[in-house]
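Read the structure below first, then the notes.
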Amino acid sequence: FPSHDKQKKTMTPTEMNLPNPDYPEQAATESPGTKLRELVENTNIALGLDEDKLIEIGEQCRKGYEQDKLSRSEWEDAAKDWVNLAKQVREERTYPWPNASNVKYPLLTTAAMQFAARAYPSLVPSDGQVVKSKVIGKDPTGQKLERAKRVSMYMSYQVMHEIPQWEEDMDKLLIQLPVIGMMFKKTYWDPFRKVPKSELITPDKLIVNYWAKSLDEAERISEEIEMSPRIFNARKVAKFFRDVDLGDPVTPEVDNPPPNDETTPYLFIEQHTYLDLDDDGIYEPYIVTFHAQSGEVLRIVARYDEEGILLNDDGEVVGIEPIQYYTKIGR
């Protein structure tokens with residue numbers, strides 16, 4: 001779950017300076033962007049919102065997630081066929097007669113393996129220099145070049161040694177990429193382990209409206225996240241999530257699902273969306289985490305920082321630049 005500030009704190013509604021109906025003159029006395037800057041510092045804005053507002057946000061986010069998932073239903077069905085073909089899944093044939101021969105030559109499987117075998121050494125060289133910096137502009141003294149070398153060396157060390165499973169995820173990515181056509185990487189700061197993370201996200205877990213032109217222009221990006229009750233309770237104790245009762249987890253909708261036990265995960269949706277929490281008419285980018293089945297909002301955090309708040313010459317807020325955590329990797 002993204003967190004771009006290790007020093008964030010939980011704030012009360014008064015500290016957040018959210019609009020108060022009992023004091024309508026409050027908004028006029030505050031400087032532009034004050035509320036936005038205070039929301040940036042909050043680790044869970046949902047803790048300061050009333051129940052009606054949380055229900056409204058939860059319903060809005062869940063409806064958007066379902067609409068986006070429906071818009072790409074045909075693509076999801078096609079993607080399942082591509083994966084089954086690459087995995088050589090045996091299917092019973094009834095034409096031209098029951099149990100007819102069903103031999104498939106592994107053309108797609110072989111092509112995917114050859115692509116991965118050729119691409120991997122180029123992207124993950126044996127010398128470990130995964131990251132390479134490029135000098136732009138004049139560099140008469142060579143200072144830019146030396147700095148670029150230091151940046152490349154340190155970031156290469158990060159991805160190879162500090163980010164868990166980065167190399168393994170890259171191997172999986174290159175195998176699946178030629179089959180499905182796209183994969184995603186999620187890069188963020190892990191507030192629990194205190195390390196940067198770069199996770200592989202498959203397209204079936206990242207829901208974007210089919211007609212969105214790009215991730216940057218999408219109104220919503222919804223990631224499906226499964227979490228065990230143990231980890232969920234730990235998040236509640238840490239005040240990372242609201243302390244709510246979600247009941248027993250629902251068995252995942254998969255073929256031959258395992259029986260429910262204490263490890264059966266909850267399904268959460270982490271939605272990168274836009275909300276107007278300061279009621280100024282300008283929608284700000286936020287990350288809303290909610291329970292998929294009930295729509296119960298667990299966490300809201302700002303998806304922007306102070307540098308992303310755009311002001312005009314009069315000091316008025318005219319826009320907010322969101323932070324993008326996902327990177328699309330296509331063929």
Side-chain angles (χ1 to χ4, degrees), residues 1-50 52-54 56-58 60-61 64 133 136-137 144 147 151 186-191 196 208-209 212-223 239-240 270-290 297 299-328:
F1 294 89
S3 174
H4 48 269
D5 189 342
K6 293 181 284 185
Q7 303 302 323
K8 286 185 177 182
K9 61 179 181 178
T10 301
M11 303 171 69
T12 65
T14 302
E15 292 174 328
M16 290 163 59
N17 281 327
L18 294 177
N20 190 333
D22 298 329
Y23 299 95
E25 69 279 3
Q26 180 185 13
T29 61
E30 294 171 348
S31 61
T34 299
K35 298 175 185 176
L36 298 178
R37 295 185 181 93
E38 292 171 346
L39 290 171
V40 169
E41 298 297 323
N42 202 330
T43 55
N44 191 351
I45 300 171
L47 297 177
L49 300 178
D50 60 58
D52 291 339
K53 184 66 175 178
L54 291 173
E56 176 187 345
I57 293 174
Q60 173 186 333
C61 291
S133 300
I136 299 176
K144 287 185 178 180
R147 183 180 182 185
V151 170
K186 179 182 181 182
T187 308
Y188 64 100
W189 175 262
D190 188 338
V208 182
N209 191 281
K213 295 181 179 180
S214 66
L215 290 179
D216 292 332
E217 297 183 20
E219 288 296 316
R220 292 177 298 268
I221 303 175
S222 304
E223 180 186 352
K239 305 297 183 184
F240 201 74
E270 182 186 287
Q271 187 173 107
H272 295 221
T273 185
Y274 294 85
L275 304 171
D276 184 14
L277 294 185
D278 60 350
D279 294 333
D280 63 350
I282 298 177
Y283 282 70
E284 309 92 41
Y286 293 98
I287 301 174
V288 181
T289 305
F290 61 94
V297 175
R299 183 175 187 247
I300 302 176
V301 66
R303 191 164 54 101
Y304 60 93
D305 52 27
E306 291 193 24
E307 295 179 357
I309 302 174
L310 307 179
L311 305 177
N312 59 17
D313 295 337
D314 297 328
E316 300 172 335
V317 179
V318 294
I320 302 174
E321 290 291 336
I323 297 174
Q324 181 60 265
Y325 294 91
Y326 298 100
T327 302
K328 176 187 174 183

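Going from atom CD1 of Ile221 over to atom CD of Gln271 covers 9.5 Å, rounded to the nearest 0.5 Å. To the nearest 0.5 angstrom, Leu275 atom CG is 7.5 Å from Lys53 atom NZ. Distance check: Leu39 CG to Ile45 CD1 gives 4.5 Å after rounding to the nearest 0.5 Å. Atom CD1 of Ile323 is separated from atom OG1 of Thr187 by 12.5 Å, given to the nearest 0.5 angstrom. Taking OH from Tyr325 and CD from Glu270, the interatomic distance works out to 9.0 Å, rounded to the nearest 0.5 Å. Tyr188 OH to Tyr326 OH: the interatomic distance, rounded to the nearest 0.5 Å, is 9.0 Å.
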Derivation and outcome, side chain to side chain contact (heavy atoms under 4.5 Å, CB included), residues Leu311 and Val317: CA-CA 5 Å; Leu311 305 177; Val317 179; 3.5 Å; yes
Asp276 and Asp278: CA distance, side-chain angles, deciding distance, side chain to side chain contact (heavy atoms under 4.5 Å, CB included) verdict: CA-CA 6 Å; Asp276 184 14; Asp278 60 350; 2.9 Å; yes
Check against side-chain hydrogen bond (donor to acceptor under 3.5 Å, both in side chains), Asn209 and Glu219: CA-CA 8 Å; Asn209 191 281; Glu219 288 296 316; over 6 Å; no
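Looking only at distances, no side-chain donor or acceptor of Asp314 sits under 3.5 Å from a matching main-chain atom of Glu316.
Leu49 has its side chain within reach of Ile57: a pair of non-hydrogen atoms, C-beta onward, lies under 4.5 Å apart. Using a 4.5 Å heavy-atom cutoff, the side chains of Tyr274 and Pro285 are in contact. Using a 4.5 Å heavy-atom cutoff, the side chains of Lys239 and Thr43 are not in contact.
Of all heavy-atom pairs spanning Cys61 and Thr273, the tightest one is SG-CG2, 4.3 Å. Pairing each heavy atom of Ala302 with each of Tyr286, the nearest pair is CA-CD2, 3.6 Å. When every heavy atom of Pro322 is checked against every heavy atom of Ile320, the shortest pair comes out as CD-O, 3.4 Å. Residues Lys144 and Ile136 come closest through the heavy atom pair NZ-O, 3.1 Å. Taking both residues in full, the closest heavy atoms of Leu310 and Glu321 are given as CD1-OE2, 3.9 Å, listed atom of the first, atom of the second, then distance.
The number of heavy atoms from other shown groups lying within 6.0 Å of CD (Glu307) does not exceed 12.
We find that Lys35 and Glu284 are not joined by a salt bridge, their nearest charged nitrogen and carboxylate oxygen being 4.0 Å or further apart.
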